[in-house]
Each structure stands twice: as C-alpha cells, then as structure tokens.
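Here is the structure we will look at.
Below, all heavy atoms of this structure are taken into account, side chains as well, without hydrogens, waters or symmetry copies.
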Amino acid sequence: SERKNGAKLAETKLNFIQIPSRNQYPQASLMDLEIVSFEWHKSNSILAVLCKTVGKPKWSVRLFQFTKDSLIYRSGHSELPEGSAEHRYYDMTIKWLNDDIFVVPKYKENNLDTIAVFPYKFDKKSVKIVPWSQDKCLKGLKHSSFIPSSNGTHFLLACLDGNNSNSYGKVDLYAIFDNQINFCQNMEFGLGVEKIEWDEGGRLFLVQMTRKKDND
C-alpha cells in the first residue's frame, strides 16, 4: 500500500505469483482502497478481496478469476451495503459457502454488537457478486460471530461478547438449502463461550466454554 504524506491511502497493489513456476500474473491496482481480508473459493481459482475506503468506510468486494493454463485473470468490483446513518457498519466479514459469498457486517446498537447476514450469488459472466432477494437477508441479530460449516450447508450465529449479558452464550443454527436460509435451532450455554469450531466434514461443531470463579 502507498500513502500520500504518510496518511491518506493512495493505492494498494496486488501481486499474484504462480506456484511452483513462480511466474507472475499482471499486477492489480486498487485506487483509494484499503484491503481488509482475502477469501479463496474452494476451487482455488477465484479470489475475493474485501476492501474499504479510508475515513468514513464504504465497503466493496473485488473478485479475481484466474486461468489455469495462462497468466491471465478477469476481475469485477461489487459495492456492499453501508448500513444506516444510525447503525453504520464498523466491521465486515466475507465467507465463501460453496458458490455463494455471505457478507456479515457488524454494527453497534445500544452499545452492543449486532450483525446482519447478506447472501450473494457469484455471477460468472461479470465476475461480480449479486445479492439474493431482500427477504432472504437476516438483520438486527444480537450476535458477534458468524461461523460457517466446512461443507457450506450450515452456519452458526454466536454471541461471544461477554459485554452483551442478555445474549452471551446464545448460539443459533441455520441451514442453507435451495437458495433459502432456514432457522434450525437455538442453543443457550450457561457458561462463558470462548470458541466454536466445525469439524472438517461439517457434521459436528465443538463449543469451548469456561466457568469462571467468583473471585476471577
């Protein structure tokens, strides 16, 4: 990343190197954008790059689709929701679930972490992501973490934020089937939930909890 006068972001450049040949794809230049995270599709040929502007953040996803036989890629730029003036998003997560990208913004409501879940389809023709219909989004959820299964068929919404005493330890299970998000089950754990992880097959998940003593 290059900054003007050490402050304002001017440009971010991406270099793509093929392994094991070490040949380089053309460099990608992102003007006035900061890269937040990367997320590879399971095919290892599509890269999703989560970006935001500096200052009052605007969020976007840049997709890169790479060829396997020649050093060429196609790319597309998709804008993401910004949130309302009252509930401006301060954090954003993107995750591939099969051929869909789930966008999970986080904001504060009554000083507590609250998230939404927006599913997007990958459009191969434009190399962009296209939102599912509005009625398939989840909003205003008193959780702090989005935890998808490894096989892309389920995800968990969990509150791992101890400051949210009303929701701390609550975990909701959702299933993804036929372009639908279906609520499955609510679970409440009385102890402090520290960590949740899915197994590699997406059949089981482990909840790590801690019981704290009164004098801790």
Side-chain angles (χ1 to χ4, degrees), residues 1-17 25-42 44-66 73-97 99-123 126-134 136-148 152 155 157-161 163-164 181:
S1 296
E2 179 182 348
R3 296 181 180 273
K4 295 179 181 178
N5 301 323
K8 184 179 179 182
L9 183 70
E11 184 180 15
T12 300
K13 296 180 180 180
L14 293 172
N15 293 296
F16 307 110
I17 302 173
Y25 287 81
Q27 188 181 69
S29 178
L30 306 179
M31 302 300 297
D32 301 317
L33 289 174
E34 177 184 352
I35 293 178
V36 178
S37 63
F38 303 125
E39 180 75 12
W40 280 100
H41 186 267
K42 62 182 179 181
N44 294 327
S45 63
I46 307 172
L47 176 68
V49 181
L50 176 63
C51 308
K52 73 172 181 177
T53 57
V54 178
K56 182 181 178 181
K58 293 184 178 180
W59 305 84
S60 60
V61 169
R62 181 80 176 268
L63 293 185
F64 296 88
Q65 186 175 34
F66 298 86
Y73 65 78
R74 299 167 61 228
S75 67
H77 185 92
S78 303
E79 298 292 336
L80 296 179
E82 296 183 37
S84 64
E86 181 183 3
H87 298 137
R88 185 70 61 184
Y89 301 143
Y90 74 88
D91 189 28
M92 190 85 70
T93 300
I94 58 171
K95 290 290 183 182
W96 283 103
L97 274 73
D99 289 331
D100 299 320
I101 280 187
F102 277 65
V103 176
V104 185
K106 186 183 294 186
Y107 58 97
K108 292 289 186 181
E109 187 172 29
N110 297 325
N111 206 33
L112 299 177
D113 277 338
T114 305
I115 64 175
V117 179
F118 298 100
Y120 285 75
K121 283 286 182 187
F122 170 53
D123 181 21
S126 63
V127 197
K128 294 182 179 181
I129 54 174
V130 180
W132 293 14
S133 60
Q134 284 293 322
K136 296 178 182 177
C137 301
L138 305 177
K139 299 178 181 180
L141 304 168
K142 303 298 183 184
H143 294 289
S144 57
S145 300
F146 173 83
I147 310 168
F155 64 85
L157 298 180
C159 182
L160 308 181
D161 182 6
N163 293 323
N164 190 347
I181 298 177

Side-chain donor-acceptor pairs of residues 88-95 under 3.5 Å, sequence neighbours excluded:
unit_1	atom_1	unit_2	atom_2	d
Tyr90	OH	Asp113	OD1	2.5

Next item on the list: Please report the C-alpha distance between Leu14 and Phe38 in whole Å, then the side-chain angles of each, then the deciding distance to 0.1 Å, and finally whether the side-chain contact (heavy atoms from CB on, under 4.5 Å) criterion is met.
Entry: CA-CA 11 Å; Leu14 293 172; Phe38 303 125; 4.0 Å; yes

So OG of Ser60 and NZ of Lys52: to nearest 0.5 Å the spacing works out to 11.5 Å

Value for CG (Leu33) from OG1 (Thr53), rounded to nearest 0.5 Å, stands at 7.0 Å

For Lys121 and Trp132 the tightest heavy-atom approach is CG-NE1, 3.3 Å

Heavy-atom closest pair (Lys128 atom, Gly76 atom, distance to 0.1 Å) is CG-CA, 4.0 Å

dist Leu80:CG -> Lys58:NZ (nearest 0.5 Å) comes out at 13.0 Å

Q) Does the pair Arg62 and Leu30 meet the rule for a side-chain contact (heavy atoms from CB on, under 4.5 Å), with working shown? A) CA-CA 9 Å; Arg62 181 80 176 268; Leu30 306 179; 2.7 Å; yes

Subject >> Side-chain heavy-atom pair Ile46, Trp40 within 4.5 angstrom cut-off >> reply: no

inquiry  = Any side-chain to backbone donor/acceptor pair from Ser144 onto Leu160? Under 3.5 Å, distance only.
reply    = yes

Rounding to 0.5 Å, atoms CD (Glu109) and CG (Leu141) come to a distance of 10.5 Å

**Asked** Within a strict 4.5 Å, meaning less than it, do heavy atoms of the Leu50 and Val103 side chains meet?
**Response** no

Heavy-atom closest pair (Glu34 atom, Thr12 atom, distance to 0.1 Å) is CA-OG1, 4.3 Å

Residues at least two apart in sequence or cross-chain that pass ring pair (Phe, Tyr, Trp, His ring centres under 6.0 Å) with His77, listed by chain then number, are none

Correct closest heavy-atom pair for Gln27 and Asn15 would be NE2-OD1, 2.8 Å

Can you check side-chain contact (heavy atoms from CB on, under 4.5 Å) on Phe155 and Ile181, steps first, answer last? CA-CA 10 Å; Phe155 64 85; Ile181 298 177; 3.8 Å; yes

Notebook entry, point to check: Using 30° and 60° as the class limits, which term best fits the ring planes of Phe122 and Trp96: parallel, tilted or perpendicular?
Noted result: perpendicular

Classify the ring geometry of Phe64 against Tyr73: parallel below 30°, tilted from 30° to 60°, perpendicular beyond 60°. perpendicular

Would you say the side chain of Cys137 lies within less than 4.5 Å of the side chain of Pro119, judging by non-hydrogen atoms? yes

_Beyond-backbone contact of Phe16 with Leu47, side-chain heavy atoms, under 4.5 angstrom_ = yes

Here the pair of heavy atoms bringing Pro105 nearest to Phe118 is CG-CE1, 3.6 Å

One should read off an interatomic distance between Tyr120 OH and Leu63 CG, to the nearest 0.5 angstrom, of 11.5 Å

NE2 of His87 to NZ of Lys106, rounded to nearest 0.5 Å, is 15.5 Å

